[in-house]
Student: 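Below: one structure in structure tokens.
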Amino acid sequence: MSSFDEDDAFENAVPLSAQAMAARPAPYLDDLNPAQRRAVEALDGPVLMLAGAGTGKTKALTTRIAHLLNTGRARPNEILSVTFTNKAAREMKERVGRLLGQTVEGMPWLGTFHAICVKLLRRHAELVGLKSNFTILDTDDQIRLLKQLIVAENIDEKRWPARQLSGLIDHWKNRAWTPDKVPASEASAFNHRGTELYDYYQQRLKALNAVDFGDLLLHVLTIFQEHEDVLAQYQRWFRYILVDEYQDTNVAQYLWLRLLAQGHRNICCVGDDDQSIYGWRGAEVGNILRFEKDFPGAEVVRLEQNYRSTPHILGAASGVIDANQGRLGKELFTDLPEGEKVRLIGHWDGEEEARWIGEEIEAMAGGTRGMRRVGLDEMAILVRASHQMRAFEDRFLTIGLPYRVIGGPRFYERMEIRDAMAYFRLAVSPDDDLAFERVVNTPKRGLGDKAQQKIQVMARSQGVSLADGARLLLQDKGLTGKGATELRILVDAIARWNDAVRAGEGSHIELAETILEESGYTAHWQNDKTPEAPGRLENLKELVKALEQFENLQGFLEHVALIMDRDSDDDGAKVSIMTLHGAKGLEFPAVFLPGWEDGLFPSQRSMDESGLKGLEEERRLAYVGITRAEEICTISFAANRRVFGQWQSALPSRFIDELPSRHVEVLTPPGLYGGGYGAAGMAASASPKMQQEAGSDLHERAASSNVYNSPGWRRLQARSAERPVSQPRENRNMVIDATAVSSFSEGDRVFHRKFGYGEVQGVEGDKLDIAFEKSGNKKVVAKFVVDAANADDVPF
DNA sequence: GGACTGACCATTTTT
DNA sequence: TGGTCAGTCC
């Protein structure tokens, strides 16, 4: 459920008048290279900006907006500019503002497809049988609803899970198929009941006055298609249209854009066909490939100068992407110094890979790798699938290497969870003003803006927290009536909870439940009759359950704060771990790309389900991965990996074959099998199944029975022969001096970078069993803890 | 209602 | 292997 402001979208009074703007100079243009400049100055008519990775796409796009405003071609509220994520929208707003040297108010139509559609749909909801205060269901709500439908229809929910139906409906909505437009070829979907259930589902949504994410677009599209007058109004209003990440648009979005652009054709689409990685959720690379046909006479501008990566990195990336068919074609170049070659290394198994990368990161962070020191937050590990993250987390936890997982669970971002957390925060620290602000009137306590302002004023004048300010305000009788009574109850409750926390008696789980009860928050959702309420309650239950793994509320809050605040998480530098998808649009000086094995990357499933198309998308993913790196890019693979508890062997990824050798340096894995690639070991462990699978596909690989005949393999061997020795990296001073290691014994108070303070419970060889104050009992290698008295000496 | 058990299954993810 | 889910038992 989200709320969007109705603002000055259609008002003419805007901060920048056309005349005033037209007179302004355009110093920002001098900042652009020739291609960027052309993309910015070609204001009228259709423009396709093909922007390779790291070529200053956002700069060109935002400068273009600034230029539109500056030349007086459009007012801020006449520019429609769409992005895919809120983050991108935020960034664009900021940058346009910076370019113009002022806050750009009134760019109401700069936002995500979804946010813009919400605005439009609220205006015209009645045209599709909704009321303008419709609620927006998230994926969870959607699945719950579908489940109800499936059960009501007496369908075996085991065989035909709601999740699958939800995926199917999303797929159809992405293609702009309303229930009546789903083609006959789809009739057999979901046990021949797919279309029927889709229809029921839409009826149900309408009855609930609700929409799902797909509907936002689809309803607006329907309105545009069926109400010419409405469409015409917007065609006139949006004088200029800009679209970011055009290669990610799906059919519905494409149709939507095409309708809006039909009149003036002032549409500028920015994208990179080589970075299209969302085909699996409906994106159509075809949209960008077809642009010139859709908009004849379109100007195509290629941004090819890369400002991010070294020539070796770019060369490696181009080598890979060259293998794809039907590209629009771009050749990236850079002025940057040559730098290091892309490094390639094979490992015995996944754990070894994680260990090596951990050491490498420590070496780079410690400046002992013979290159400049690289900060932890300048490094990232990009994986194909999130389950790969685990090996790294385990390893980094043990060695105390700070890391952050990006794009993790979204659970803690949910409104009800955040509300509940705010109550917990108040219980732990009543001075937490942000938490107080968040929940002071949730549930509704009759404390509106006025009352809250009074509290603020009181708190500020007395220099106390909001909770204390509220108490003073009540003492002064500065508030009366229902609000005062309610506020009294809240303030007293907070004090009581805080006492309970401080006394540390009783279970923190019970306390949490008490807090949710006494605050009226649980009741608030129990009384809520909207379709999402049951889900919210369930989430709250889950939240309480999550508390069990912690010893107290403080420990829990600390833990959640770490995973929640991606941005404000500045308590020191950390290595980022994320998926390749999640890394799109980001860049790091040093990037690790582990798990380059056939079957894992490219993913077997992609290839099975989507054939060559799937493989090409995987290849684009590889391209995206490599081009995230600015200076150092390290690709690795493991011969063996545990998959669902079973050991499996795999061959190096076919993408490795595609890396041009002149841009690659092969490192031999240190230790274990004494240089060389340990081919014998690899072959011995390769399961017959994997060998067959790996050899049987689209790719021209060597005969399946012989691992050594594959071109990639031969090349690897040749390469490692060229440069057989890895540099030994002894004595990495990242870790605490070895003399400290042996000195721990039972009862010692120690400190660990990740787990904090604790007491040694037992010693087994070099492993210590430690009871940590906040994280519970853990076994940790001795050299990663220090005596509590020396906690300041911990590295990083 | 909550604890336990066995079956099942297992990319990528934003809105 | 391990997380989720539904069914079962107290």
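Chain naming here is simple, since letters A, B, ... match the order of the sequence lines and numbering starts at 1 in each.
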Student: For A:His581 and A:Tyr278, take the angle between the two ring planes, folded into 0 to 90°, and tell me which bin it lands in: parallel under 30, tilted 30 to 60, perpendicular over 60.
Tutor: tilted
Student: Write down the atom of A:His387, the atom of A:Leu600, and the distance for their closest heavy-atom approach.
Tutor: CE1-CD1, 4.2 Å
Student: Specify the separation, in whole Å, of atom NZ of A:Lys584 and atom C1' of B:dT13.
Tutor: 12 Å
Student: Using the closest heavy atom to pick a nucleotide of DNA chain B for each, name whichever of A:Ser603 or A:Lys541 lands nearer the 5' end.
Tutor: A:Lys541
Student: Select base, sugar-phosphate, or nothing to describe what A:Arg642 touches, counting heavy atoms under 4.0 Å on all strands.
Tutor: sugar-phosphate
Student: Among the nucleotides B:dA10, B:dT14, B:dT11, which one has an atom lying closest to any side-chain atom of A:His387?
Tutor: B:dT11
Student: So, for A:Ser81 and A:Ile65, which heavy atoms are closest and what is the spacing to 0.1 Å?
Tutor: OG-CD1, 3.8 Å
Student: Quick one: A:Glu245 CD to B:dT14 P, roughly how many Å, whole number?
Tutor: 13 Å
Student: How close or far is atom C1' of B:dT14 from atom CZ of A:Arg90, stated in whole angstroms?
Tutor: 13 Å
Student: On a plain distance test, is the side chain of A:Arg384 in donor-acceptor contact with the base of B:dT11 below 3.5 Å?
Tutor: no
Student: Atom CE of A:Met578 and atom P of B:dT11: how far apart are they, to the nearest Å?
Tutor: 20 Å
Student: Would you kindly give the CD1-to-P distance between A:Ile277 and B:dT12, to the nearest whole Å?
Tutor: 13 Å
Student: Provide, to the nearest angstrom, the distance between the CG atom belonging to A:Leu600 and the P atom belonging to B:dA10.
Tutor: 16 Å
Student: Please report the distance, rounded to the nearest Å, between CD1 in A:Ile406 and P in B:dT12.
Tutor: 16 Å
Student: What integer number of Å spans the P atoms of B:dT12 and C:dC5?
Tutor: 16 Å
Student: Of the nucleotides B:dT11, B:dT13, C:dT1, which one has an atom closest to the side chain of A:His581?
Tutor: B:dT13
Student: Using the side chain to side chain contact (heavy atoms under 4.5 Å, CB included) definition, which of the options A:His508, A:Glu513, A:Glu510 pairs with A:Val544?
Tutor: A:Glu513
Student: Just call it for A:Gln253: base, sugar-phosphate, or nothing, with non-hydrogen atoms closer than 4.0 Å on any strand.
Tutor: nothing
Student: Kindly say whether A:Arg281 contributes a backbone atom to a donor-acceptor pair with the side chain of A:Asn174 at under 3.5 angstrom?
Tutor: yes
Student: Is A:Asn86 touching bases, backbone alone, or none of the nucleic acid, heavy atoms closer than 4.0 Å?
Tutor: sugar-phosphate
Student: Checking all strands, does A:Phe644 fall into the base, sugar-phosphate, or nothing category for heavy-atom contacts under 4.0 angstrom?
Tutor: base
Student: Let me know the distance between CG of A:Leu586 and C1' of B:dT14, rounded to the nearest Å.
Tutor: 14 Å
Student: Which part of the nucleic acid, if any, lies within contact of A:Thr579, taking any heavy atom under 4.0 Å across all strands shown: a base, the sugar-phosphate backbone alone, or nothing?
Tutor: sugar-phosphate
Student: Do other residues, nucleotides or ligands put more than 12 heavy atoms under 6.0 Å from the CZ atom of A:Arg327?
Tutor: yes
Student: Could you pull out the protein-nucleic contacts involving nucleotides 4-10 of chain C (nitrogen or oxygen on both sides, under 3.5 Å)?
Tutor:
{"from": "C:dA6", "atom 1": "OP1", "to": "A:Lys147", "atom 2": "NZ", "distance (Å)": "3.3"}

Student: Do the non-hydrogen side-chain atoms of A:Phe224 and A:Leu260 ever get within less than 4.5 Å of each other?
Tutor: yes
Student: From the list C:dG2, B:dA10, B:dT12, which nucleotide is the closest neighbour of the side chain of A:Arg390?
Tutor: C:dG2
Student: Taking atom types as modelled, is there a side-chain donor on A:Tyr201 or A:Asp212 under 3.5 Å from an acceptor on the other?
Tutor: yes
Student: Look at the side chain of A:Trp280 and decide which nucleotide, out of B:dT14, B:dT13, C:dT1, has an atom nearest to it.
Tutor: B:dT13
